[in-house]
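For reference, the structure is listed below as structure tokens.
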Amino acid sequence: MTHRTTSETGIAPTAAPFPTVSPDEVEFVQSTIIDWFATAERPLPWRDPATTAWAVLVSEIMSQQTPVSRVEPRWRAWMAKWPTPADLAAAPTAEVLHSWDRLGYPRRALRLQEAARVIAEDLDNRVPTTAAELEALPGIGSYTAAAVASFAHGQRTTVLDTNVRRVLVRVFAGRDRPTTSPSRRETQWAEQFVPAVGHVRWNAGVMEFGALVCTARNPNCDGCPLAEVCAWNRSGRPASAVRPKTQKWAGTDRQLRGAIMDVLKARHEETLDEAESDRLDGVPFDLLTASTTDLDEDMVESLGTVTSAKLRTMRDLSADAERISRLAADLVADGLAARHGDRLSLPR
């Protein structure tokens, strides 16, 4: 059987995953990215020179798998409410989850509060300086630790988010996308691209470049200042043999979990407006799981306009009482909800 060529298949051939790169090419890419960033940098609030290390840490946690456009207003509100780790550490968990709003993956909010407590109680309310010290905090992984050490403290670290990794493998390795997560070998390979001088601008610049130019879909190769040296562009932009997995949302447990959380957050907010004598924390569990014929509509309406609307939206997603009970139990186990007798609420 005759094998088809790369140009016929559009699929990249097998090659050394992390090839050797000449110092001249590294220096050219470094200077090009840093010069590009000087004119293309977005004025994100956490990039202000006066931004505290704590504010940078919050921005990095919020930005995980979340578009910057959604993060910025929530970050501003968060920092106004909890400007220091001690402020967040002392906040009610229900209020923290409510303020996280629609950023997604609410366990990040819990981990951020756990980190704030360690910083406030054990570190004199000061965010650690080095990546190793940051990674020792609850919920802080290697990427976040490297990013905060770089952007908040000026440390020379290798910051590898998805955007950075995509730029590096396209320009230097000729592949259109990186693997799901960086290996130790990739991390060691990427270290050579971080300059000794200007490393903070490089880290921020290559990340921005991946977000604005070398995007996952429809990259602007025609307007790219690295087009002539980019190995992926020079080889005809071959598609990867491995397609990225797409996460379904509609109909998933994750969607239903989010809808249950929406009910609890809405009830928390509306409860704050009730008189102390009338206040009943949370939502009766039966309203989440009851069949349509058994649902007490008067009780639903008594929860408040927003809560009752969120409850109906949640019930439209699933009528499986066992599934809803299981997901509610998972939320309790994860610390995202609390069960008090026959009622489910945000943690107190």
Side-chain angles (χ1 to χ4, degrees), residues 41-120 125-128 131 134-135 137-153 157 159-165 181 200 203-204 206-208 210-212 215-216 247 249 254 257-258 261-262 264-265 268-269 334-336 346-347:
E41 177 181 6
R42 289 174 292 181
L44 302 177
W46 45 85
R47 287 178 174 164
D48 188 289
T51 303
T52 65
W54 167 243
V56 172
L57 175 58
V58 172
S59 76
E60 289 296 336
I61 296 294
M62 286 186 168
S63 298
Q64 294 170 6
Q65 299 177 294
T66 308
V68 166
S69 58
R70 288 175 55 198
V71 170
E72 183 171 348
R74 186 54 48 206
W75 179 88
R76 290 183 183 278
W78 190 280
M79 294 312 303
K81 185 178 293 186
W82 300 305
T84 73
D87 294 317
L88 181 62
T93 301
E95 184 60 24
V96 172
L97 290 170
H98 179 262
S99 295
W100 193 254
D101 198 36
R102 300 293 296 172
L103 286 177
Y105 301 98
R107 276 177 287 192
R108 289 184 295 163
L110 297 183
R111 302 294 86 80
L112 181 57
Q113 187 175 41
E114 290 175 13
R117 287 170 179 153
V118 172
I119 296 170
N125 213 31
R126 296 179 181 177
V127 174
L134 284 157
E135 200 167 349
L137 294 173
I140 305 299
S142 57
Y143 161 74
T144 301
V148 175
S150 177
F151 302 140
H153 298 300
T157 62
V159 178
L160 287 181
D161 78 339
T162 301
N163 286 327
V164 174
R165 296 177 64 221
S181 58
V200 175
N203 282 334
V206 71
M207 187 182 299
E208 192 87 325
L212 301 181
T215 55
Q247 291 185 333
W249 170 253
R254 184 174 162 225
R257 275 173 57 109
M261 286 294 295
D262 285 345
L264 302 184
K265 286 187 285 187
H268 171 78
E269 184 171 10
D334 289 340
L336 297 171
L346 292 179

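Residue numbers run from 1 in the order of the sequence given. Reckoned from all heavy atoms, side chains included, excluding hydrogens, waters and symmetry mates.
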[X] [atom1] to [Y] [atom2] distance, which is reported to the nearest 0.5 Å:
X      : Y      : atom1 : atom2 : answer
Thr51  : Leu57  : OG1   : CG    : 13.0 Å
Asn163 : Met207 : CG    : CE    : 7.5 Å
Arg74  : Asp101 : CZ    : CG    : 4.0 Å
Arg47  : Glu208 : CZ    : CD    : 4.0 Å
Ile61  : Leu112 : CD1   : CG    : 6.0 Å
Lys265 : Arg102 : NZ    : CZ    : 6.0 Å

Shortest non-hydrogen contact from [X] to [Y]?
X      : Y      : value
Gln113 : Ala89  : NE2-O, 4.0 Å
Gly139 : Arg111 : CA-CB, 4.0 Å
Gly335 : Leu97  : O-CD1, 4.4 Å
Pro45  : Trp75  : CB-CZ3, 3.4 Å
Ala149 : Ala131 : CB-N, 3.8 Å

- [ ] Only counting residues at least two apart or in another chain, list the ones meeting ring pair (Phe, Tyr, Trp, His ring centres under 6.0 Å) with Trp78.
- [x]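 Testing Trp78 for ring pair (Phe, Tyr, Trp, His ring centres under 6.0 Å), a comparison that skips the adjacent residues, returns Trp82, Trp100.
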
Answer whether the closest heavy-atom distance between the side chains of [X] and [Y] falls below 4.5 Å.
X      : Y      : value
Leu336 : Arg107 : yes
Tyr143 : Thr162 : no
Leu212 : Arg42  : yes
Arg257 : Asp334 : yes
Val127 : Thr52  : no
Val164 : Asn203 : no
Leu346 : Thr93  : no

Determine yes or no for a side-chain-to-main-chain donor-acceptor pair under 3.5 angstrom, with [X] supplying the side chain and [Y] the backbone.
X      : Y      : answer
Thr144 : Ile140 : no
His153 : Pro128 : yes
Ser150 : Ala146 : no
Glu72  : Leu44  : no
Arg108 : Gln64  : yes

- [ ] In sequence, state the C-alpha distance, the side-chain angles, and the governing distance for Ile119 and Thr84, and then conclude on side-chain contact (heavy atoms from CB on, under 4.5 Å).
- [x] CA-CA 10 Å; Ile119 296 170; Thr84 73; over 6 Å; no

- [ ] Kindly determine whether Met62 and Arg70 satisfy side-chain contact (heavy atoms from CB on, under 4.5 Å), including the steps that lead there.
- [x] CA-CA 9 Å; Met62 286 186 168; Arg70 288 175 55 198; over 6 Å; no

Open item on the list: Test: salt bridge (Lys or Arg N to Asp or Glu O under 4.0 Å). Region: residues 141-153. Which pairs qualify, not counting sequence neighbours?
Closed with: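 As it turns out, there is no salt bridge (Lys or Arg N to Asp or Glu O under 4.0 Å) pair with a partner in residues 141-153 once direct neighbours are skipped.
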
Open item on the list: Name the residue from Leu103, Val71, Val58, Asp161 that meets the side-chain contact (heavy atoms from CB on, under 4.5 Å) definition with Ser63.
Closed with: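 The residue from Leu103, Val71, Val58, Asp161 that satisfies side-chain contact (heavy atoms from CB on, under 4.5 Å) with Ser63 turns out to be Val71.
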
Task: Derivation of the salt bridge (Lys or Arg N to Asp or Glu O under 4.0 Å) call for Glu114 and Arg117 - done: CA-CA 5 Å; Glu114 290 175 13; Arg117 287 170 179 153; over 6 Å; no

